[in-house]
Amino acid sequence: MELMILLAAGALFAALLALNNLLKAFARTRKVGLVDLLLAFMTTLIFVTAITLTSLPDAASAPATTWSLYAAAGIGAASVITLLVEVFRPQRLRGSRGLLGVFSALLIALSSVAIPFAGGVYRCAAF
């Protein structure tokens, strides 16, 4: 139950991140602000926490890895659109929210592969 709440909160933060990045890219806001950084940080942190919780030895099987990959794909797609909008700004990719979103999506995708793999290696070594 707690894991599903965590995944729902992660999905909410991911949607807010994508929407915030797109709106600010179309508004041609120049600087990446604190809200932008906090949304990216919270999105990444929540999904990585959910993946880690499902990789614990006594955790029940849960769809956290699958949901995290879907979220990473969604964030990545919205960030690529944001990057395409930002390329036509005068400052180009300086202070790019699209790059921030792509980096967040890559961290989530990498974590969804690396953390379960590390958990499996640990279980095999510990017997």
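- Contact record, Ala50 with Ala64: O-CB, 3.8 Å, taken as the closest heavy-atom pair.
- Under 3.5 Å, the side chains of Thr44 and Ser104 contain a donor-acceptor pair of N or O atoms.
- Both Phe41 and Ile75 are assigned to one and the same hydrophobic cluster, defined by single-linkage of ILVMFWY side chains at heavy-atom distances under 4.5 Å.
- Note: the hydrophobic cluster containing Leu37 does not contain Leu83 (ILVMFWY, side chain heavy atoms under 4.5 Å, direct or indirect links).
- With a 4.5 Å cut-off on side-chain heavy atoms, Tyr70 and Thr66 count as touching.
- Here the options are Leu38, Leu12, Leu17, the test is side chain to side chain contact (heavy atoms under 4.5 Å, CB included), and the partner is Thr43; only Leu17 passes.
- In the model, Asp36 has no side-chain atom that pairs as donor or acceptor with a side-chain atom of Asn21 under 3.5 Å.
- The CH2 atom of Trp67 sits 9.0 Å away from the CG atom of Leu3 when rounded to the nearest 0.5 Å.
- Looking at Arg97, its side chain does come within 3.5 Å of a backbone N or O of Lys31 through a donor-acceptor pair.
- Residues Ile46 and Met4 share a single hydrophobic cluster, defined by chaining ILVMFWY side chains whose heavy atoms lie under 4.5 Å apart.
- You'll find the side chain of Val48 stays beyond 4.5 Å of the side chain of Leu107, heavy atoms only.
- Rounding to the nearest 0.5 Å places CG of Leu16 at 6.0 Å from CG of Leu39.
- Annotation for Glu86 and Ala25: closest pair CG-CB, 4.1 Å, computed over non-hydrogen atoms.
- With values rounded to the nearest 0.5 angstrom, Leu99 atom CG is found 9.0 Å from Ser79 atom OG.
- Smallest separation of non-hydrogen atoms from Ile108 and Ser68: CG2-O, 3.4 Å.
- Using a 4.5 Å cut-off between side-chain heavy atoms of Ile, Leu, Val, Met, Phe, Trp and Tyr, with links allowed through other members, Val35 and Leu45 fall into the same hydrophobic cluster.
- Between Ala72 and Ala105, the shortest heavy-atom contact is O-CB, 3.4 Å.
- Met42 places none of its side-chain heavy atoms less than 4.5 Å from the side chain of Phe47.
- Clustering ILVMFWY residues whenever any of their side-chain heavy atoms sit less than 4.5 angstrom apart, transitively, puts Leu110 in a cluster other than the one holding Leu106.
- Across all their heavy atoms, Leu69 and Ser112 have their closest contact at CD2-OG, 3.0 Å.
- Contact between Pro116 and Ser111 at its shortest, heavy atoms only, is CD-O, 3.6 Å.
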